[in-house]
Amino acid sequence: MALKPVETLPEATVLFAGDSGDGMQLTGTQFTLATAYAMNDLATLPDFPAEIRAPVGTTYGVSGFQLHFGSIDIRTPGDEVDLLVAMNPAALKVNVERVRIGGTILVNSNAFEKRNFDLANMNSNPLEDGSLDKYRVIQVELTRLTRETLKDTGLNQKEIDRSKNMFALGLALWLYSRPVEPAQKWVAAKFAKKPDIRDANLELLKKGYHFGETTEQFVTRYEVTPAKLKPGRYRAIMGVQALAMGIVAAANKSGLQVVYGSYPITPASDILHTLSRYKNHGIVTIQAEDEIAAIGTAIGAAFGGSLAITGTSGPGIALKGEAMGLAHIIELPLVIINVQRGGPSTGLPTKTEQSDLLQALYGRNGDAPMPVIAASTPGDCFEVAYEVCRIAVKYMTPVVLLSDGYLANGSEPWLIPNPEDLKPFNVKFADKPNHVVDDEPVFWPYLRDETTMARPWAKPGTAGLEHRVGGLEKHNGSGNVSYDAQNHELMIKIRAEKIQRIQAEIAPIKIFGDPTADLLVVGWGSTKGAIEAGVTRANEAGKKVASIHLRFVNPLPSDLGAVLSQFSQYLVPEMNNGQLVKVLRSEYLLPFEALNKIQGRPFGPSEIAAKISEMVG
Amino acid sequence: MSDKNPDSKPNNGRKPTLPPGMKPKGAKPPSASKLPPGMKPKGPPTAKPEGPQGPAGGDGASKATRADFSSDQDVRWCPGCGDYAILATVQRLMPELGVPREKVVFVSGIGCSSRFPYYMNTYGMHSIHGRAPTIVTGLKSARPDLDVWMITGDGDSLSIGGNHIIHIMRRNVNVQIIMFNNQIYGLTKGQYSPTSEIGKVTKSTPFGSLDHPFNPIALVLGAEASFAARTMDRDPKHMKEILKRAHDYRGTGFVEVYQNCNIFNDGAFFQFTEKETKSDRAIFFEHKKPLTYAGGTKGLRLNGFSLESIDLENGNFGIDDCLVYDETSRDLAGIMARVYWRPDLPQPFGVFYREDRPSYDDLLHKQVQSVIERSGKGSLEKLLSEGETWEVS
Ligand code: SF4
């Protein structure tokens, strides 16, 4: 049998979708691994339901995993889907609109039956009613083929049916000419103790792969050649892993013990899960009784001289507000991680949103500014986590790190960093009196460093430096409780000025795209990939546009005003109802235009590019 | 008390329960409030010895005194407040414990009592309302070597901080908790608290409060407390003994102190604390000793699952009929804790319960150590490149 012709593509987007129990996350992860082996650049986006075990066959139980890969620079999990693998009618219904016209839809045709149409609230069979005419539909009897393949294995029906994702994976690997070995290796290791399941999965992988070659339905297969990534050693990394490793790096370089206090909440829990495995890296984790207790334990640890971190999402950050104010006024180092999700209230727990920027900037009683630093890609979470720890200690302040659901669960190839290349992280605890009163040496906990305005950090256990801190206003210097009117105003200004001085830590702004353009796109956080890909597309289409991306939203970079003045039109895309745009308008009094997407999904480059076209004409 | 209106007067609608013939005590601050200026140390001892050395830390030359533990801040409680006696007792106890001053940390929440850390010349934090248990849990998790005391009140720990107080109990973090119970909100000027008796007329309840009060000892026992005791501001000797026992206990040593708020709830505990009625209305019980009170003329015996008072003088009962208390018995602790504002029984003071159970901070660090022993000290390089990696050239 002659091999089928191979067409080379610059990039492709694949989406696996099925019931929560269909193993779509696993299928997606294994396809990602094979793609990494094929040396493509990539970005992924898992998309799971809020319910743990939603009823089988329903639209709200659909779980998906999207992967965008290419020989070119890949910045987002993809706009339009080239291949949708739909395990049942509900998965098709939820995702069909994301498939590009002319794209391929591979369905498990055995699942397209009356009962499943009813469960998904569908009136007719989409495979027959003409609604899929715009697409190339490939019907594969996944259930039947799986049962047939495994009929002599002794596995029961349930075990057999659960394995059909392996057939689909094998077929998808064949279609995009991915190596099948990484998945084989994984299966062999994962089911080493259950040889019958292992062999069944391996058999299905192989059958799926060969099915592509033999079936009449595929005329061609595709190939995506390796991307030109910077040389070095790579691994695929999810944002949450990168973030946890950034914290380990901070512990390692500073010599501080990390105490991570957290309360389970989606999607931030994965940080707790990850860090709790790193005890041998000097990391203590506390699962507290609630969100307030979580930050309370961190503040207690910070007072004790540890690198204290708390993490949460959405509603959790609202509960931490009062304690964040305490950390601000007592001026202890503390990292507050917010893995943002759709809000308000419980909102969309499993979906991504840049929901809490204003909350991070202003959500406390009194004037209580703190640095707000946002990660922009899954891999960037590593460096940002390291930076926020360093800045918290250097400036003796709580710092907010903003991540989001997409960054936490999304993945990309990551050039493994060399710890030697990280900025130095020096910690100096106070060890002697720093002031004289009535000819006696004393320790004043609120005397400041001239450059950073940080106060000294004196650990309990240090003789002679006994001191009290608290939420009441304190006298500048001695730290004693003070209700003096002038002193209060001075302290508010001093604490604000200290945060402002963190500008010294911000790298000069890099302008992406065409610096001679009139239109500047300004972004922050996880929209970076979509914005830069959108700008690139617009530039390639002959449109003049540039973009900048803010890692620090507070303080804003000192050169931001000057950069903005080089442009005359401004676009601020955000996955919220317009938050950064308000800050920029009030700070710079320039005509910033908002582009908002609040659908629990990241922007695609085409959405950014379309808006750019509209603005530059 | 500077954020309290100095003109504020007790609510006239409230009738303090005074023992017969008792007048409210005059407004005279105990000596803790004012120390001779020379006795207040500023900064470190002038001749600093090598190594970890504190005022109580070793050679006889630097034997610590109460003054070493008093800060230079003016104490700002209302004159006559029961808080003074607690502060004085703690400051007197400190040198006896032999813990160097720099190793001691006082952490509080919000309320009158929570100003306490400012007056101790140790490390300290005046945190936010109800959250001190979370702060000390984090502090001890980070620094099990420190001697941590938590100061709280009935509103702070049982109302806004209710969730945290129960969880620190079950975790058994190795700290001492002193809960000042005055059955009223003092700092916010006299609203009823979660321990106020039902029907309490206060500013916020002009027609009487409707909520049933908490019984703090029963509450913490229900939350799996491993050490629970009660004492009173008017008996410094007993208070000191109990606080010392809480300190010696490795785990959460919870001590409820009946504290008179002479401004907003004067005399709330007088029937137990003042000498006219104390001997009849209070019982000071001890481990392995028979339960007797009223100068040994009365006792408590078990009748089924309840305690009843017996007369030891009328010839019907003797000391052998009295229940011998066992503070390690959860069952007896449950029965004793339920003796609460009973007209027929004296209010118990002493250690209700003590259980040998590993503390949270000990377990935490043991676990970290065992992981390190099992898998070796973590290497950052190894962690960064774990899992599937590939080379791009
Ligand atoms: S508890 Fe009562 S007496 Fe004591 S300081 Fe507070 S208001 Fe004053």
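Keep in mind the model is a prediction, meaning the values are calculated, not measured. Within every chain, numbering begins at 1; the chains are lettered A, B, ... in the order of the sequence lines, protein sequences first and strands thereafter.
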Quiz item: Taking B/Ser108, B/Ala132, B/Gly138 one by one, which has the highest count of heavy-atom pairs under 4.5 Å against chain A?
Solution: B/Gly138
Quiz item: Looking at side-chain heavy atoms only, is the closest gap between B/Phe180 and B/Ile151 below 4.5 Å?
Solution: yes
Practice problem: Sort A/Leu415 into side chain, backbone, both or neither according to what part of it lies under 4.5 angstrom from a heavy atom of chain B. | Solution: neither
Quiz item: What part of A/Val259 is in contact with chain B, defined as an atom under 4.5 angstrom from a non-hydrogen atom: side chain, backbone, both or neither?
Solution: side chain
Quiz item: Quick one: are B/Arg66 and B/Met94 in side-chain contact, heavy atoms under 4.5 Å?
Solution: no
Exercise. Consider only side-chain N and O atoms of A/Asp290 and B/His167, and report whether a donor and an acceptor are under 3.5 Å apart.
Key: no
Self-check item: Contact leader toward chain B among A/Ala249, A/Gly232, A/Ala236, where contacts are heavy-atom pairs under 4.5 Å
Solution: A/Gly232
Exercise. Select one option (side chain, backbone, both, neither) describing which atoms of B/Ser393 are under 4.5 Å from chain A's heavy atoms.
Key: backbone
Quiz item: Hey, are the side chains of B/Lys103 and B/Leu146 touching, using non-hydrogen atoms and a 4.5 Å cut-off?
Solution: yes
Exercise. Measure across A/Ile283 and A/Ile247 and return the closest heavy-atom pair with its distance rounded to 0.1 Å.
Key: CD1-CG2, 4.3 Å
Exercise. Could you check if a side-chain atom of B/Pro144 sits within less than 4.5 angstrom of a side-chain atom of B/Asn174, using non-hydrogen atoms only?
Key: no
Quiz prompt | chain B contact via A/Ile329 - which portion, at a heavy-atom distance below 4.5 Å | solution = neither
Quiz item: Tell me, side chain or backbone of A/Thr462 under 4.5 Å from chain B's heavy atoms, or both, or neither?
Solution: both
Quiz item: Looking at A/Trp186, A/Phe303, A/Phe382, A/Trp444, which makes the most heavy-atom pairs under 4.5 Å with chain B?
Solution: A/Phe303
Quiz item: So, for B/Tyr123 and A/His467, is the gap between ring centers shorter than 6.0 Å?
Solution: yes
Exercise. Could you look at A/Leu307 and say if it's the side chain, the backbone, both or neither that has a heavy atom under 4.5 Å from chain B?
Key: neither
Quiz item: Which bit of B/Leu383 comes within less than 4.5 Å of chain A, counting heavy atoms only: side chain, backbone, both or neither?
Solution: both
Practice problem: Answer with side chain, backbone, both or neither: which region of A/Glu289 has an atom nearer than 4.5 Å to a non-hydrogen atom of chain B? | Solution: both
Quiz item: Given side chains that start at C-beta, do those of A/Val469 and A/Tyr446 come closer than 4.5 Å, heavy atoms only?
Solution: yes
Quiz prompt | Contact origin within B/Tyr360 toward chain A - heavy atom pairs under 4.5 Å | solution = side chain
Quiz item: Does any heavy atom of chain B fall under 4.5 Å from the side chain of A/Val284, the backbone, both, or neither of them?
Solution: side chain
Quiz prompt | A/Lys459 versus chain B, the contacting section by heavy-atom distance below 4.5 Å | solution = both
Self-check item: Contact check, side chains of B/Val105 and B/Met125, non-hydrogen atoms, under 4.5 Å
Solution: no
Self-check item: Winner by heavy-atom pair count (cut-off under 4.5 Å) against chain B, out of A/Gly261, A/Gly304, A/Pro417
Solution: A/Gly304
Exercise. Against chain A, label B/Leu380 side chain, backbone, both or neither, depending on which of its atoms sit under 4.5 Å from a heavy atom there.
Key: both
Quiz item: Using non-hydrogen atoms only, which part of B/Thr122 is less than 4.5 Å away from chain A: side chain, backbone, both, or neither?
Solution: backbone
Quiz item: Side chains of B/Asn172 and B/Glu224: is there a donor and an acceptor less than 3.5 Å apart?
Solution: no
Quiz item: Does some side-chain heavy atom of A/Phe443 sit less than 4.5 Å from a side-chain heavy atom of A/Glu466?
Solution: no
Practice problem: Identify which part of B/Val136 has an atom lying under 4.5 Å from any heavy atom of chain A, answering side chain, backbone, both or neither. | Solution: neither
Self-check item: A/Thr32 and A/Ser411: CA distance, side-chain angles, deciding distance, side-chain contact (heavy atoms from CB on, under 4.5 Å) verdict
Solution: CA-CA 9 Å; A/Thr32 304; A/Ser411 66; 4.2 Å; yes
Quiz item: Under a 4.5 Å cut-off applied to non-hydrogen side-chain atoms, are B/Arg115 and B/Leu187 in contact?
Solution: yes
Quiz item: Under 3.5 Å, is there a donor-acceptor pair linking the side chains of A/Lys320 and A/Thr310?
Solution: yes
Practice problem: Sort B/Glu386 into side chain, backbone, both or neither according to what part of it lies under 4.5 angstrom from a heavy atom of chain A. | Solution: both
Quiz item: What option among B/Ser114, B/Gly130, B/Ser375 has the most heavy-atom pairs under 4.5 Å with chain A?
Solution: B/Ser375
Quiz item: Between B/Glu388 and A/Tyr37, is any side-chain donor less than 3.5 angstrom from a side-chain acceptor?
Solution: yes
Self-check item: Contact class of B/Ser379 relative to chain A, heavy atoms under 4.5 angstrom
Solution: backbone
Practice problem: Name the option with the most non-hydrogen atom pairs under 4.5 Å to chain B; the candidates are A/Gly305, A/Gly296, A/Pro413, A/Ala308. | Solution: A/Gly296
Quiz item: When only pairs under 4.5 Å are counted, which of B/Gly161, B/Gly376, B/Gly387 shares the most heavy-atom pairs with chain A?
Solution: B/Gly376
Quiz item: Of all of A/Gln241, A/Gln257, A/Lys253, which one pairs up most often with chain B through heavy atoms under 4.5 Å apart?
Solution: A/Gln257
Quiz item: Quick one: what part of A/Leu229 sits under 4.5 Å from any heavy atom of chain B, side chain, backbone, both or neither?
Solution: both
Quiz item: Which bit of B/Arg374 comes within less than 4.5 Å of chain A, counting heavy atoms only: side chain, backbone, both or neither?
Solution: neither
Quiz prompt | Most chain A-contacting option - heavy-atom pairs closer than 4.5 Å, from B/Arg171, B/Gln367, B/Lys140 | solution = B/Arg171
Self-check item: Engaged part of A/Ile416 at the chain B interface, taking heavy atoms whose separation is under 4.5 Å
Solution: side chain
Practice problem: Would you please say whether a donor-acceptor pair under 3.5 Å links the side chains of A/Glu473 and A/Asn487? | Solution: no
Self-check item: A/Phe31-A/Phe69 aromatic ring centre distance below 6.0 Å
Solution: yes
Quiz prompt | Proximity breakdown for A/Ala323 and chain B, heavy-atom pairs closer than 4.5 Å | solution = both
Exercise. Sort A/Ala251 into side chain, backbone, both or neither according to what part of it lies under 4.5 angstrom from a heavy atom of chain B.
Key: neither
Quiz item: Given the options A/Arg233, A/Lys432, A/Lys279, A/Met39, which has more heavy-atom pairs under 4.5 Å with chain B than any of the others?
Solution: A/Arg233
